[in-house]
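The structure appears right after this line, and notes come after that.
Model, not experiment: these values are computed from the prediction. In what follows, every heavy atom counts, from backbone to side chain, and hydrogens, waters and symmetry copies are set aside.
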Amino acid sequence: MNEAALRERYRDLVELDRSAAGIRFSASLPDGRPVVVYALSHEVTASLSHAQRFFATLERAAAIRHEAVMRPLAWGQAAGTLHVAFESVSADEIIPGSLSAGGIADIGIQLSRALVMVHATGLIHGAITRSRVVQSEGRARLGEFGLFAALVAGGFAARDIAVMLSQPPYVSPEVVSGSVPDEQSDIYSMGAVLYELLTGKPPYGGRTTSYVLASVLSDDAESEVASDVASPIIDALIRAIERAPDDRWPNAAAFAGALEAGVAAGKGSGAASTKGGCLTPAAGAAVMVGVAAVTGLIAVMARG
C-alpha cells in the first residue's frame with residue numbers, strides 16, 4: 001500500500017488497525033469532514049475483476065440517506081491502492097455490560113430501522129461488528145456501510161470477504177459453513193453485537209479464532225442478565241442469534257418491532273427508566289445478584 005499517495009488525498013491520516021482486507025485510518029477530507037479511510041490490501045485489490053461495478057455500488061451506498069448509517073463519502077485508486085472514505089463521528093465509548101436492557105434495545109431499534117432501509121435497496125451491510133456500532137450524541141450509528149457490497153459487486157467471493165471484514169463472534173453460522181451473506185446474516189451479526197453490549201461478552205465466546213468459529217456452530221448462547229422486565233428484550237436478542245436462519249426474525253423490521261415491544265412491556269410494568277442507557281447502581285447490583293440463577297434459564301431459551 002502506498003501511504004504517501006493516500007496522504008495526497010486525505011489530511012491527518014492516522015492508522016487505526018490492520019487486517020487481511022487492508023488498513024483503516026482516521027483522517028479528514030480536504031474540506032475538513034472527518035472520515036475513516038479503508039485502504040484495501042494489494043491482495044484484495046488484485047482479486048477484483050470488475051472495478052467499475054465496485055465503484056458503482058459505492059455510488060449506490062452513498063445515495064442512502066439515514067441518520068444511523070455512516071455511508072461512503074469518497075473513493076478511488078491511488079498508486080494501485082483502492083481506498084474508500086466513510087463518514088465518521090466523534091463517538092462515545094460503549095462499554096459492553098454497562099448498559100441496561102432498555103438502553104441496548106434503543107440501540108438495536110435505531111440500527112434495525114436503518115437496516116430496513118438498507119435492505120430495501122437490495123444491499124446488505126455484510127460485516128456488522130462491535131467496532132462498527134457506535135454512539136454519538138445519544139444516537140446509534142452503523143459504520144462502514146457499502147464496503148462489503150462493493151467488494152462483492154467487484155467480483156470478490158462474498159463468503160470470503162464477509163469473514164475477512166468481520167470478526168469470528170459476529171459471523172453467522174451459515175456464513176461460517178460457506179453460505180453467501182444475506183439479510184438474515186445481517187440480523188445475526190446485529191444480534192451478536194447487541195448481546196455482547198448487554199452481557200459483556202460475545203454470545204459464543206472463545207480464546208482463538210478457530211475455537212470461536214467452531215463454537216458458533218455448536219454452542220448454545222448463555223446470557224448473564226437477570227431481569228424479569230428485560231426478558232422480552234432478551235427473547236428478541238436470543239431469536240436474532242439462532243443458529244438456523246429460519247428461526248431468526250424474518251427481517252430487520254420484525255426485529256425492531258420485537259425490541260420496541262420489549263421496551264413498551266418494561267415501561268408498562270413500572271420498571272425503572274432506562275433513559276440514558278445505564279443501570280442505576282442499585283439496579284445493576286440486582287442484576288448481578290441474579291446472574292447465576294438466570295444463566296441456565298436463558299440457555300434453555302436459546303435452545304428453544
Side-chain angles (χ1 to χ4, degrees), residues 64 66-70 94 96 99-130 132-135 139-145 148-149 162 166 169-175 179-199 202-204 216 220-223 225 227 229-268 274 277 298 301-304:
I64 291 178
H66 193 285
E67 57 194 359
V69 175
M70 292 191 284
I94 307 177
L99 302 184
S100 68
I104 295 301
D106 286 342
I107 293 174
I109 291 165
Q110 293 174 53
L111 298 186
S112 294
R113 290 301 179 194
L115 282 182
V116 171
M117 176 176 285
V118 167
H119 292 166
T121 68
L123 299 176
I124 66 169
H125 188 288
I128 299 172
T129 64
R130 168 71 185 82
R132 294 186 176 105
V133 171
V134 301
Q135 235 180 354
R139 184 169 300 282
R141 298 173 186 267
L142 187 58
E144 298 175 25
F145 165 65
F148 166 83
S166 190
Y170 315 112
V171 181
S172 67
E174 65 271 19
V175 173
S179 297
V180 175
D182 57 12
E183 293 182 16
Q184 282 296 317
S185 53
D186 264 359
I187 290 172
Y188 178 93
S189 298
M190 180 68 72
V193 170
L194 295 173
Y195 183 102
E196 179 180 1
L197 291 177
L198 180 62
T199 68
Y204 301 99
V216 167
D220 288 308
E222 293 186 355
S223 175
V225 176
S227 171
V229 172
S231 62
I233 296 172
I234 295 172
D235 289 344
L237 294 185
I238 292 296
R239 182 169 175 180
I241 57 175
E242 288 285 359
R243 259 194 232 74
D246 289 345
D247 291 337
R248 297 177 204 146
W249 298 105
N251 49 54
F255 187 22
L259 292 172
E260 288 169 342
V263 171
K267 291 178 179 177
T274 58
I298 301 301
M301 292 165 56
R303 288 191 290 269

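In this structure a side-chain-to-backbone donor-acceptor pair under 3.5 Å is present from Thr121 to Val118. Side chain of Arg139 to main chain of Glu67: no donor-acceptor pair is present (N/O by atom type, distance under 3.5 Å, no hydrogens or angles). The main-chain N or O of Arg141 is never found under 3.5 Å from a side-chain atom of Gln135 such that the two would form a donor-acceptor pair. Without hydrogens or angle criteria, Arg248 side chain to Glu242 main chain gives a donor-acceptor distance under 3.5 Å. Panel note: side chain Trp249, backbone Ala236; a donor-acceptor pair is recorded below 3.5 Å.
Qualifying side-chain hydrogen bond (donor to acceptor under 3.5 Å, both in side chains) partners for His119, counting only residues two or more places apart in sequence or in other chains: Asp186. Applying the side chain to side chain contact (heavy atoms under 4.5 Å, CB included) test to Ser179 and every residue at least two apart in sequence or in another chain returns Glu174. Every residue two or more places apart in sequence or in another chain that forms a side chain to side chain contact (heavy atoms under 4.5 Å, CB included) with Val180 is listed here: Ala158. Scored by the side-chain hydrogen bond (donor to acceptor under 3.5 Å, both in side chains) test, Arg130 finds no partners at all (sequence neighbours excluded). Taking the side-chain hydrogen bond (donor to acceptor under 3.5 Å, both in side chains) definition, one finds that Arg132 meets it with Glu144, sequence neighbours left out. The side chain to side chain contact (heavy atoms under 4.5 Å, CB included) search around Ala253 returns Arg113, Val116, Asn251, not counting sequence neighbours.
Here the CD1-NE2 distance, from Ile187 to His125, works out to 14.5 Å after rounding to the nearest 0.5 Å. Atom CD1 of Ile104 and atom CG of Leu99 lie 4.0 Å apart (nearest 0.5 Å). Note that CD1 of Ile234 and OG1 of Thr199 are 9.5 Å apart. Values are rounded to the nearest 0.5 Å. To the nearest 0.5 angstrom, Ile124 atom CD1 is 8.0 Å from Glu183 atom CD.
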*Are Ile94 and Leu197 close enough, and set up right, to give a side-chain contact (heavy atoms from CB on, under 4.5 Å), and what steps lead you there?*
CA-CA 8 Å; Ile94 307 177; Leu197 291 177; 3.6 Å; yes
*Show your working on side-chain contact (heavy atoms from CB on, under 4.5 Å) between Ile64 and Met117 and close with a plain yes or no.*
CA-CA 8 Å; Ile64 291 178; Met117 176 176 285; 3.9 Å; yes
*Kindly indicate, with the supporting measurements, whether the criterion side-chain contact (heavy atoms from CB on, under 4.5 Å) is fulfilled by Val133 and Leu111.*
CA-CA 9 Å; Val133 171; Leu111 298 186; 3.6 Å; yes
*Start with the C-alpha gap between Phe255 and Leu115, add the side-chain angles, then the distance that decides, and say whether side-chain contact (heavy atoms from CB on, under 4.5 Å) holds.*
CA-CA 10 Å; Phe255 187 22; Leu115 282 182; over 6 Å; no
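The two residues Pro203 and Ile241 make their nearest non-hydrogen contact at CB-CD1, 3.6 Å. Residues Val69 and Ala114 approach most closely at CG2-CB, 3.7 Å, considering heavy atoms. The nearest pair of heavy atoms linking Leu259 to Ala105 is CD1-O, 4.1 Å. When every heavy atom of Gly108 is checked against every heavy atom of Leu194, the shortest pair comes out as CA-CD1, 3.6 Å. Across Ser112 and Met190, no two heavy atoms sit closer than the pair OG-CG, 4.5 Å. The heavy-atom pair separating Ala192 from Tyr170 by the smallest distance is CB-CD2, 4.0 Å.
Side-chain contact check for Tyr188 versus Pro245: every heavy-atom pair is 4.5 Å or farther apart.
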